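Here is the structure we will look at, set down as structure tokens.
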Amino acid sequence: MTPDSVEEFYRRLAKDNPNPRSELVFKNPYTLLVSVVLSAQATDVSVNKATEPLFKIVDTPQQMVDLGEDRLKDYIRSIGLYNNKAKNIIALSHILVEKYQGQVPADQKALEALPGVGRKTALVVLNVAFNRPTIAVDTHIFRVANRTGLAPGKDVRAVEKALEDVTPEKYRLHAHHWLILFGRYICKARKPECLRCFESDLCAAVKETGIPLQS
DNA sequence: AACTCGGGGCA
DNA sequence: TGCCCAGAGTT
């Protein structure tokens with residue numbers, strides 16, 4: 001994709017979604033962190049369903065510690081992978097209370113040092129909670145970048161580098177959110193909605209096949 | 001690099 | 001039924 005095509009690609013994403021808001025719960029940086037940890041290999045819909053009642057009771061690390069692992073599991077069981085996630089969230093909350101005065105550190109290394117927080121989670125928290133222009137390449141963005149030709153790459157790090165190189169500065173802050181939603185609702189894994197896609201004339205996959213992907 | 005964790009949604 | 005989901009930790 002040429003630089004002009006990339007610019008146009010982002011221009012359309014921005015037009016489609018002028019005021020991007022995370023679909024995960026962001027009452028404060030802590031609830032966002034917990035939401036993103038819970039989102040690993042889970043759908044944001046299932047996470048929101050579980051965290052809506054949880055965050056009415058708990059929205060600080062101290063309250064989470066007081067809630068305890070067993071009662072936390074009752075809230076998040078429907079999400080899946082709940083044993084590891086509950087243990088990590090309790091442990092992570094202890095660390096926030098003891099080392100960070102109950103605050104979420106706005107630092108990638110500090111975030112990645114927390115149990116249950118890896119590279120992607122850290123980058124998403126920095127982006128959404130602290131307005132850093134980070135792009136975390138998850139399954140959606142990896143697929144979108146490769147399929148459309150926006151930022152091809154064989155592994156996550158290659159796509160991440162490609163996106164950093166190609167994404168215009170003015171779109172950097174919201175790029176992650178736009179690409180995620182584009183992948184989730186339009187450029188879907190199974191049945192991409194090419195017939196109503198506003199990027200199909202720029203898409204490498206469409207160019208290759210000559211016809212919009214569908215079925 | 002290859003497991004393992006995991007219930008829910010969807011075709 | 002089988003595949004996928006805003007991945008991370010361990011071996």
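Labels below follow one simple rule: chain letters A, B, ... track the order of the sequence lines, proteins then strands, and each chain is numbered from 1. Nothing here was measured: the structure is a model prediction, and the numbers come from that model.
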- Query: What is the ring orientation for A/F9 with A/F182, classed by angle as parallel under 30°, tilted 30 to 60°, or perpendicular over 60°?
  - Reply: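 Perpendicular.
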Mind calculating the distance between [atom1] ([X]) and [atom2] ([N]) to the nearest angstrom?
X: A/K49; N: B/dG6; atom1: NZ; atom2: C1'; answer: 16 Å
X: A/F142; N: C/dG7; atom1: CZ; atom2: C1'; answer: 14 Å
X: A/L38; N: C/dA8; atom1: CG; atom2: P; answer: 13 Å
X: A/K191; N: C/dC4; atom1: NZ; atom2: P; answer: 15 Å
X: A/N83; N: C/dG9; atom1: CG; atom2: C1'; answer: 15 Å
X: A/I79; N: B/dC5; atom1: CD1; atom2: C1'; answer: 14 Å
X: A/R184; N: C/dC4; atom1: CZ; atom2: P; answer: 16 Å
X: A/L123; N: C/dA8; atom1: CG; atom2: C1'; answer: 14 Å

Of the listed nucleotides [options], the one nearest the side chain of [X]:
X: A/S78; options: B/dG8, C/dG7, C/dC3; value: B/dG8
X: A/R190; options: C/dG7, B/dG9, B/dG6; value: B/dG9
X: A/Y82; options: C/dC5, B/dG6, C/dC3; value: B/dG6

- Task: Between C/dT11 and B/dG6, how far apart are the P atoms? Round to whole Å, please.
- Result: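 It comes out at 16 Å once rounded to the nearest Å.
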- Message: Can you check the distance between C/dG9 and B/dG8, where both ends of the measurement are the C1' atom (answer in whole Å)?
- Response: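 Taking atom C1' in both C/dG9 and B/dG8, they lie 23 Å apart.
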Select base, sugar-phosphate, or nothing to describe what [X] touches, counting heavy atoms under 4.0 Å on all strands.
X: A/I76; result: nothing
X: A/I141; result: nothing
X: A/G80; result: base
X: A/S35; result: nothing
X: A/A189; result: sugar-phosphate
X: A/V45; result: nothing

- Query: With a 3.5 Å cut-off and no angle check, do the side chains of A/Y75 and A/T51 form a donor-acceptor pair?
  - Reply: no
- Flag, side chain of A/R143 to backbone of A/G183, donor-acceptor distance under 3.5 Å: yes
- Query: Got a donor-acceptor contact below 3.5 angstrom from the A/H176 side chain to the A/A136 backbone?
  - Reply: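 Yes, the answer is positive, given that a donor and an acceptor are paired below the 3.5 Å cut-off.
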- Query: OP1 or OP2 of C/dG7 less than 4.0 angstrom from a side-chain nitrogen or oxygen of A/T139, does that happen here?
  - Reply: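 Checking A/T139 against C/dG7: at least one side-chain N or O falls below 4.0 Å of OP1 or OP2.
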- Nearest atoms (heavy-atom pairs only) where A/W178 meets A/N17: NE1-O, 2.9 Å
